[in-house]
J.: 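Handing you a structure now.
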Amino acid sequence: MTRLRIGLAGALAILVGGAGGTASAATPALLAHQTTLALDGAATGWILTSTALVLLMTLPGLALFYGGMVRRKNVIATITQSLGVASVVTLAWFIAGYSLSFGVGQPFGVYSGDEVQSYIGSFQALFLNGVTPTTAHSLTPGLPEYLWIAYQLTFAIITPALIAGAFAERIKYSGLLLFTGLWTLLVYAPICHWVWGGGFLGAAGVLDFAGGAVVHVNAGVAGLVCAIFLGARKGYGKESIVAHNPVLTMIGASLLLVGWIGFNAGSAWTADSIASVAILNTILAAMAGSLTWKIVEIMEKRKPSLIGVLSGLIAGLVAITPAAGLVDPKGAVIIGLASGPVCYAASVWIKKLLRYDDSLDAFGIHGAGGILGAVLTGVFASAAVNSVAEGATIAKQVWGLGVTIGWSAVVTFLILIVCKFTTGLRVTAAQEDEGLDGHLHGEVMEGV
């Protein structure tokens, strides 16, 4: 009985006070991924700003971008999905997502000398136990760990929020929330760890500066699986489904563009020359993608639509993301120019050919654009811009994409099966006909 009491007391001490072993409360032991904070004020200020910018991308950027493209009867439901995703991901990140993504993965590691090439992070920092105002992640010793957690959280939030565009106008809210929680822990966290958290893809030389594979390809592939699994919206391909308010989409796209500065330039982790080239490359590629999408649309339809021009803008942003701090401006322009026609083809021609209903082109823009950008990173990455680019090859990039696509597709499918037989996934035919706003949220849009 005495031993049992001691064991319970020890377990409670670890849960409340963190994994500090027998060290005193005044000098807790560092976790495997941690180092003592050596505060870099300039870097901290930049990442504080970047964190706000990346959060702006989801709320309200993506919410408005998607909200303007659906039919009026589903606007509130679509915008609410972004907030619901943000809430679930934030709590999942606090509970286990951060630890699984950025903890040192010794329990499941494959070792090469002294370097851990792991498949999943640790369980040391569950509920952020062991994180204090004086700790930093070893990747960023100049940043307070709390800030590093918040910055990476914003990336975790937007990734499943992007997926929601694939099944817009037909998913149950409860199903979305369950899917988001499981997907964050079982799909996003492992892939994030493989590429950015000390895992085997990063160790193999796979380059992803700001989330081409971790965010965009991951979300795009998952979105495609979701769109096929749920099936098309009622009337898809038989009746016109028109964006109710392109102006809302314009506002959302503009916020996304501004927020992407924190997404890409923030991924330099400090305000330096790499952040500078990343911000320039981001703007160049975005405008180049918008231009070439417009050209293709004019050639096919004789008129450039606002939705099309904005879609090209986002395509350019997606494609440059894995390369933003790794290529020179010439490379960024080429990547942006290629993104317009490639993403147009995926969003219009391929979708029509294969007859799947990717409602707001989550795969067409984020999946296809992310794949394009990741491959071209292997072509244009320059050690003169960033020493990390030394040894970059197309083969390494394709290897990373293959692993990301395979894991995302298979595990997303399994999660969808779980959701289907628990919360359910698809709304009823009557709810879909009348709109999700009133049925799921008790609110409707009037005159907007």
Side-chain angles (χ1 to χ4, degrees), residues 62 65-82 84-85 160-180 183 219-246 249 300-301 305 307-308 311 314-315 343-369 405 408-410 412-421 423-441:
L62 186 68
F65 182 75
Y66 278 171
M69 287 194 286
V70 297
R71 290 167 288 186
R72 181 176 298 177
K73 61 185 180 180
N74 296 316
V75 179
I76 291 172
T78 301
I79 291 176
T80 303
Q81 286 174 0
S82 290
V85 166
L162 293 171
I163 300 172
F167 45 60
E169 301 194 293
R170 60 196 187 276
I171 193 168
K172 293 175 66 175
Y173 195 62
S174 57
L176 170 74
L177 298 183
L178 177 60
F179 171 84
T180 298
W183 194 89
V221 169
L224 178 61
V225 173
C226 290
I228 295 171
F229 190 92
L230 267 73
R233 290 167 289 179
K234 289 189 64 179
Y236 178 74
K238 299 176 183 178
E239 60 186 57
S240 179
I241 299 178
V242 180
H244 95 285
N245 193 333
T249 299
E300 183 179 26
K301 301 178 180 178
S305 67
I307 294 290
S311 296
I314 301 303
C343 292
Y344 185 94
S347 301
V348 179
W349 300 333
I350 294 175
K351 183 168 70 170
K352 187 180 296 184
L353 177 67
L354 300 181
R355 298 181 181 180
Y356 59 84
D357 183 10
D358 177 5
S359 307
L360 307 180
D361 296 315
F363 176 77
I365 293 177
H366 298 278
I405 291 169
S408 183
V410 171
T412 296
F413 177 74
L414 296 175
I415 291 171
L416 288 169
I417 292 175
V418 171
C419 294
K420 180 178 180 179
F421 291 104
T423 58
L425 282 170
R426 184 143 184 172
V427 298
T428 66
Q431 290 172 334
E432 191 173 343
D433 278 335
E434 296 176 29
L436 306 188
D437 289 359
H439 276 287
L440 299 187
H441 304 288

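Only a predicted model underlies this, so the values are computations on that prediction, with no experimental measurement involved. The first residue in the sequence is number 1, and the count goes up from there.
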J.: About how many Å separate CZ of Arg233 and CG of Asn74, when rounded to the nearest 0.5 Å?
T.: 9.0 Å
J.: Any side-chain heavy-atom pair from Leu436 and Tyr173 closer than 4.5 angstrom?
T.: no
J.: Can you name the closest pair of heavy atoms from Arg72 and His244 and give their distance?
T.: N-CB, 3.5 Å
J.: Can you tell me how far apart OH (Tyr344) and CD (Glu300) are? Round to the nearest 0.5 Å.
T.: 3.5 Å
J.: Among residues at least two apart in sequence or on other chains, which ones pass side chain to side chain donor-acceptor pair (under 3.5 Å) with Lys172?
T.: none
J.: Quick one: does Glu434's side chain have a donor or acceptor within less than 3.5 Å of a partner on Gln431's backbone?
T.: no
J.: What heavy-atom pair brings Ser359 and Ala168 nearest, and what distance separates the two atoms?
T.: OG-O, 3.2 Å
J.: Rounded to the nearest 0.5 Å, what separation is found between the CD1 atom of Ile417 and the CG atom of Leu425?
T.: 10.5 Å
J.: Step by step, would you call Val242 with Arg71 a side chain to side chain contact (heavy atoms under 4.5 Å, CB included)?
T.: CA-CA 7 Å; Val242 180; Arg71 290 167 288 186; over 6 Å; no
J.: Minimum heavy-atom separation for Ala430 to His439, with atom names?
T.: O-NE2, 4.3 Å
J.: Once you round to the nearest 0.5 Å, how far does NZ of Lys352 lie from OG of Ser347?
T.: 12.0 Å
J.: Donor-acceptor pair, Thr78 side chain versus Gly67 backbone, under 3.5 Å?
T.: no
J.: For Phe167, which residues count as a ring-ring contact (aromatic ring centres under 6.0 Å, His included) partner, sequence neighbours excluded?
T.: none
J.: Tell me if a side-chain donor or acceptor on Tyr66 pairs with a main-chain N or O of Leu162 at a distance below 3.5 Å.
T.: yes
J.: So which atom in Ala346 and which in Tyr356 form the shortest heavy-atom distance, rounded to 0.1 Å?
T.: O-OH, 3.8 Å
J.: Answer whether the closest heavy-atom distance between the side chains of Val85 and Leu176 falls below 4.5 Å.
T.: yes
J.: Holding to salt bridge (charged side-chain N to carboxylate O under 4.0 Å, His left out), I want the full list of residues that pass it with Lys420, two or more places apart in sequence or in another chain.
T.: none
J.: Over all heavy atoms of both residues, which pair between Ile163 and Ala219 is shortest? Give the atoms and the distance, please.
T.: CG1-O, 3.6 Å
J.: Measure the CZ-SG distance between Phe421 and Cys419 for me, rounded to the nearest 0.5 Å.
T.: 11.5 Å
J.: Can you sort out the partners of Phe413 under ring-ring contact (aromatic ring centres under 6.0 Å, His included), two or more places apart, ordered by chain and number?
T.: Phe229
J.: Between the side chain of Arg426 and the main-chain N/O of Leu230, is any donor-acceptor distance below 3.5 Å?
T.: yes
J.: Salt bridge or not between Lys73 and Asp433? Use side-chain N to carboxylate O under 4.0 Å.
T.: no
J.: With side chain to side chain contact (heavy atoms under 4.5 Å, CB included) as the test, would you mind laying out the steps for Val427 and Ile171 before giving the verdict?
T.: CA-CA 6 Å; Val427 298; Ile171 193 168; over 6 Å; no
J.: Checking Ser305 now: which residues fulfil side chain to side chain donor-acceptor pair (under 3.5 Å) with it, not counting sequence neighbours?
T.: Glu297
J.: Closest approach of Phe179 and Cys226, non-hydrogen atoms and distance?
T.: CZ-SG, 3.7 Å
J.: The criterion is side chain to side chain donor-acceptor pair (under 3.5 Å); which residues satisfy it with Asp358, sequence neighbours excluded?
T.: none
J.: Do any N or O atoms from the side chain of Thr249 and from the backbone of Phe65 form a donor-acceptor pair under 3.5 angstrom?
T.: yes
J.: Would Glu432 and Arg170 pass as an ion pair if we require N to O under 4.0 Å?
T.: no
J.: To the nearest 0.5 Å, what is the distance between CG on Asp361 and OG on Ser311?
T.: 6.5 Å
J.: With respect to Asp437, which candidate in Ile79, Ile76, Val70 satisfies the side chain to side chain contact (heavy atoms under 4.5 Å, CB included) definition?
T.: Ile76
